[in-house]
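Below: one structure, written as C-alpha cells.
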Amino acid sequence: MRAVDVIMHKRGGAELSREEVAFMIEGYTSGSLPEYQISAWLMAIFFQGMSPRETADLTDLMLHSGDVMNLGGLRGPNGRVGPFVDKHSTGGVGDKVSLILAPIVAACGIQVPMMSGRALGHTGGTLDKLESIPGYKTGLSEAQFRDFIAADGFAMTGQTAKIVPADKKLYALRDVTATVESIPLITASILSKKVAEGAEALVFDVKTGPGAFMKTLEDSEALARSLVDTGKAMGKRIVGVITDMSEPLGAMVGNFFEVEESLDCLEGKGPSDLMEVTMRLSAWMLVAGGLAATVEEGIAKCEAALATGKPRELFLANVKRQGGDVEKMLQLRGKFRSAHTRKLGAKDSGFITGIDAYKIGLAGVYLGVGRDKTTDPVYPDVGFIFHHKVGDAVKAGELIAEVYGKDEASLEAARGLIEDSLSIGQARLPARPLILKEITAL
Ligand code: URA
C-alpha cells in the first residue's frame, strides 16, 4: 500500500477501507509516514468527510494506538460492579458541570471514571478548576484512579501519555494545518479518548452558540449525531445533549470561582441555568446506566440525592482523597480574590440582551483564567462574578460583574472585550431554551 494512493482515494471522495485507514494511522504513530502525507490526507478528509463506518474504524484504530483502561470487576462504594458512565462536554465558559454532576450521579449509584482536560483558548478546563483547590492532584496513577472510584464512586484525572497517543500527534498536526473543524476528525479524537477510559456508556454535552466550539445549531447537531452514531457502532450506549453556550453558564467564571459555585450547587443554592443543565445531563447518565427508565425519573432521583447532602459529602471526600485541603478550601470560599479588580457597570438602563460567552472566555485568557498555549500558567483567584444575567432589568451604572485579573495590565488588556461582551436593549428578549436537542442510542 502507498500513502499517496490512500490520499488520492480520499481526495476523490472514495470510502476508505479499514486497512487503508490503519495504514495511515499506524504509519503516522510509528513514524514511518511523513507529516506532509498525513497533512494532505487530513485535508482530504476535511473536504470529503468520512462515512460512519470509516469514522468508527478511525476511532477504533486511534483508540488502540495506546492503553485502554479495564474497569471490569471494579466494585463501587455500594459493592456493585458498575454501571460505569461518563459525561464529556465539548467545552464552554463557566461550564463547571462535571464538578457537580460526578458526585450527584455517584450518590445515585453510577461509577464515574472521569478523565478531563485543561483550559485552552476561550474555554475552561476541569483539571485547572480542581487544581485551584490547595493541594488537589489530578495526575492519578491507574491504581489510584480505580481505588478512588471504588471508594467514592468517582475520580477525576487527566489523560496520561499512554491514552490514545495517536490523538496527541494528530491533534497537534490538525492545529497547524487548519483541519481541526472536521466532524469525523473531532468525533474520532473525542470518542477514542472517552472509550479508552473504560466507561460503558457516555453522555455528550455538545455546546452550541458563540461560546462553543460549534457556533450553529446545525453544526452542533451534526457533531452530536456523529458522536452518537460512532459511539453506538463501538458498542457503547450514548446520549448527545445539545445545550446553549451563548452566555456563560452560572454566575461565576474562573478556576476557584467555579469550585465555589459548584459547592453552592451541591448545597442546593446553585443558579437555575447551571442546575438545569447539570440535572438534565446527570439524569441522562442514570438512564444510560440503567438506573432510571426516563430522563424525568432520572431528574427526580438526582434531586432526591442532592437533598440528602450525600453529593456534597462525596465531593469533599474526593477533594481529600486527591490531596486537597478541605478546610482551607472552605475557608477560602468568598475570599480567594485577586487584589487586581474592576467593576463592570451598565452603560444604559434597559434589559441585558447578551453577555457574549466567547468574548468573556477570551477576556479570561488575559485575566489568567485560561491559556493560549498549553504551557501558559493559569491563576486560581481570577475571573468574573456576574450579578446579572441575560433577561435581567438593569439601571444605568448598576453593577453587572466583578472582574479579577492576575495584574493591572491583564485588566487593561481584557477591558475592550469585556465591555463589548455586554449588550443592553430596551426590550426583554424571550428566554433562550438551555436544552436544545437530545439524541439517544441506548
Ligand atoms: N476536542 C478534542 O479532544 N478533539 C477535537 O478534535 C476537538 C475538540
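Counting convention: from 1, in listed order, for ligands and their atoms alike. These numbers come from a predicted model, not from an experiment.
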Side chain proximity check, Ile110 to Lys87, heavy atoms < 4.5 angstrom:
no
Within-4.5 Å side-chain heavy-atom neighbours: Cys265 and Leu274:
yes
Mind checking what residues have non-hydrogen atoms under 4.0 angstrom from ligand 1?
Tyr171, Arg174, Ile186, Ser189, Ile190, Lys193, Phe213
Take a 6.0 Å sphere around NZ of Lys320 and say whether it holds more than 12 heavy atoms from other residues, nucleotides or ligands.
no
Thinking salt bridges, do Glu131 and Arg118 make one under a 4.0 Å N-O criterion?
yes
Could you check whether Lys232 pairs with Asp229 (Lys NZ or Arg NE/NH1/NH2 to Asp/Glu carboxylate O, under 4.0 Å)?
no
Quick check: do Tyr404 and Ile385 have side-chain heavy atoms less than 4.5 Å from each other?
yes
